[in-house]
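Every number for a ligand or one of its atoms is a count from 1 in the order of the listing.
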Amino acid sequence: MNLSDFREDYRQGALDSAGLDANPLAQFESWFRQATGETAQSRWRKIGIALYKLWSALGNHRPADINAMTLATVDASGKPSTRTVLLKGVDARGFLFFTNYDSRKGRELAANPNAALTFFWPDLERQVCVAGTVAKLPAAESETYFRSRPRGSRLAAWASEQSQPVPDRAALEARWRELETTFAADIPLPPNWGGFVLKPERIEFWQGRPSRLHDRFSYTLEADGFWKRERLSP
Ligand SMILES: Cc1cc2nc3c(=O)[nH]c(=O)nc-3n(C[C@H](O)[C@H](O)[C@H](O)COP(=O)(O)O)c2cc1C
């Protein structure tokens with residue numbers, strides 16, 4: 001397989017200091033809304049998104065997971081792992097996601113709270129990279145989110161010992177069915193399941209530009225609580 005000719009030239013947009021919010025979380029929210037198509041900048045993009053939605057509905061394609069992000073953690077010896085998780089909220093505290101606290105990521109984050117996130121929105125030719133430290137969300141907040149999930153997903157959270165070996169698919173499904181009976185009425189929050197919030201220390205916004213001369217701006221949290229903003233070389 002020869003991938004040397006897989007090459008895109010990026011022409012969708014540009015980024016300059018004047019167009020960026022002083023607060024990177026506000027900037028993120030603005031880019032996120034644009035990625036969903038909610039606040040499409042141009043008429044052509046709105047039309048493109050409408051056509052994409054129609055194509056998705058007709059072809060039974062799933063819409064792109066705009067809130068999917070790559071989460072990086074490190075183990076005790078400093079070896080990194082990545083996986084995709086879904087962003088479930090952004091607020092003044094940072095970036096929220098939910099998972100099994102006994103999973104590989106859950107154990108790694110308990111031992112070392114340093115983590116990083118990457119979002120890639122190809123149709124906007126944008127990337128956002130975030131680094132910081134995580135903390136567990138209060139159980140009451142995890143419970144509120146857990147109860148908003150469909151019944152099947154709530155049962156799956158109980159059925160899956162996430163990241164542990166399982167003999168076969170049948171064992172997993174049998175466990176799920178068993179739990180359907182156990183929790184015929186209410187499905188409580190599993191004790192090892194809940195949210196994390198990643199408090200950002202650095203956030204970088206990347207906009208693809210022609211000829212690989214991309215625009216990059218990084219925000220770094222300073223000791224006085226202010227965000228320092230710098231243009232970075234691509
Ligand atoms: C699009 C997508 C979204 C996912 N969202 C989550 C999520 O929100 N939480 C989660 O625990 N796992 C999620 N997963 C599964 C994880 O990528 C991963 O397989 C799982 O969490 C176990 O990771 P670990 O063994 O590194 O802890 C998602 C996977 C994909 C592809």
Side-chain angles (χ1 to χ4, degrees), residues 28-29 31-32 35-37 49 52-53 56 59-91 93-124 126-169 171-173 175-176 179 187-200:
F28 176 84
E29 285 184 33
W31 269 27
F32 189 86
T36 64
I49 286 169
Y52 177 74
K53 282 185 180 161
S56 297
N60 203 19
H61 298 288
R62 294 181 52 208
D65 284 318
I66 302 297
N67 60 333
M69 55 192 186
T70 302
L71 165 70
T73 56
V74 282
D75 73 9
S77 57
K79 290 188 179 160
S81 297
T82 62
R83 76 289 290 153
T84 312
V85 292
L86 295 179
L87 178 73
K88 287 293 170 177
V90 195
D91 60 29
R93 293 170 299 174
F95 297 80
L96 276 57
F97 58 93
F98 292 86
T99 193
N100 183 310
Y101 290 140
D102 294 332
S103 63
R104 172 194 287 272
K105 76 181 97 41
R107 283 181 283 111
E108 290 187 355
L109 289 170
N112 179 346
N114 290 297
L117 303 170
T118 301
F119 297 82
F120 175 43
W121 296 312
D123 68 326
L124 289 172
R126 284 177 176 172
Q127 171 184 250
V128 180
C129 300
V130 184
T133 53
V134 299
K136 279 186 182 174
L137 286 180
E141 199 172 340
S142 294
E143 171 135 34
T144 304
Y145 171 68
F146 185 74
R147 289 192 180 280
S148 76
R149 302 177 89 208
R151 185 177 160 80
S153 317
R154 279 182 279 155
L155 286 171
W158 277 95
S160 164
E161 289 184 31
Q162 197 177 50
S163 317
Q164 295 301 317
V166 60
D168 50 27
R169 174 89 205 167
L172 200 55
E173 289 180 3
R175 177 82 186 121
W176 191 89
L179 286 159
I187 309 173
L189 174 73
N192 61 350
W193 197 96
F196 282 106
V197 55
L198 186 145
K199 182 179 166 4

**Q** Need the ligand 1 atom indices (1-based, order shown) with element for anything under 4.0 Å from a heavy-atom of R83.
**A** 16 (C), 17 (O), 18 (C), 23 (O), 24 (P), 26 (O)
**Q** Run the salt bridge (Lys or Arg N to Asp or Glu O under 4.0 Å) test against D168 and tell me which residues pass, sequence neighbours left out.
**A** none
**Q** Test of understanding: with salt bridge (Lys or Arg N to Asp or Glu O under 4.0 Å), list the residues that count as partners of R169, not counting sequence neighbours.
**A** E173
**Q** Heavy-atom distance under 4.5 Å between the side chains of F119 and I66, does that happen here?
**A** no
**Q** Report, in ascending order of atom number, the atoms of ligand 1 lying under 4.0 Å from any heavy atom of Q162.
**A** 10 (C), 11 (O), 12 (N), 20 (C), 21 (O), 22 (C)
**Q** Geometry only, no angles: is K105 polar-contacting ligand 1 at N/O separations under 3.5 Å?
**A** yes
**Q** For ligand 1, which atoms sit closer than 4.0 Å to a heavy atom of L86?
**A** 3 (C), 5 (N), 6 (C), 7 (C), 8 (O)
**Q** Where do R83 and T73 land on the side chain to side chain donor-acceptor pair (under 3.5 Å) test, with the steps shown first?
**A** CA-CA 9 Å; R83 76 289 290 153; T73 56; 3.1 Å; yes
**Q** Answer yes or no: is there a side-chain heavy-atom contact under 4.5 Å between F196 and P113?
**A** no
**Q** Is any side-chain heavy atom of I187 less than 4.5 Å from a side-chain heavy atom of W158?
**A** yes
**Q** Please identify which atoms of ligand 1 are closer than 4.0 Å to at least one heavy atom of T99.
**A** 10 (C), 11 (O)
**Q** List ligand 1 atoms under 4.0 Å from F98, heavy atoms only on the residue side.
**A** 7 (C), 8 (O), 9 (N), 10 (C), 11 (O)
**Q** Salt bridge between E141 and R93, side-chain N to carboxylate O under 4.0 Å?
**A** yes
**Q** Which of these, T84, N100, V85, has its nearest heavy atom closest to atom 14 (N) of ligand 1?
**A** T84
**Q** So is F97 in contact with ligand 1, going by heavy-atom distances below 4.0 Å?
**A** no
**Q** D65 heavy atoms, cut-off 4.0 Å: which ligand 1 atoms fall inside?
**A** 1 (C)
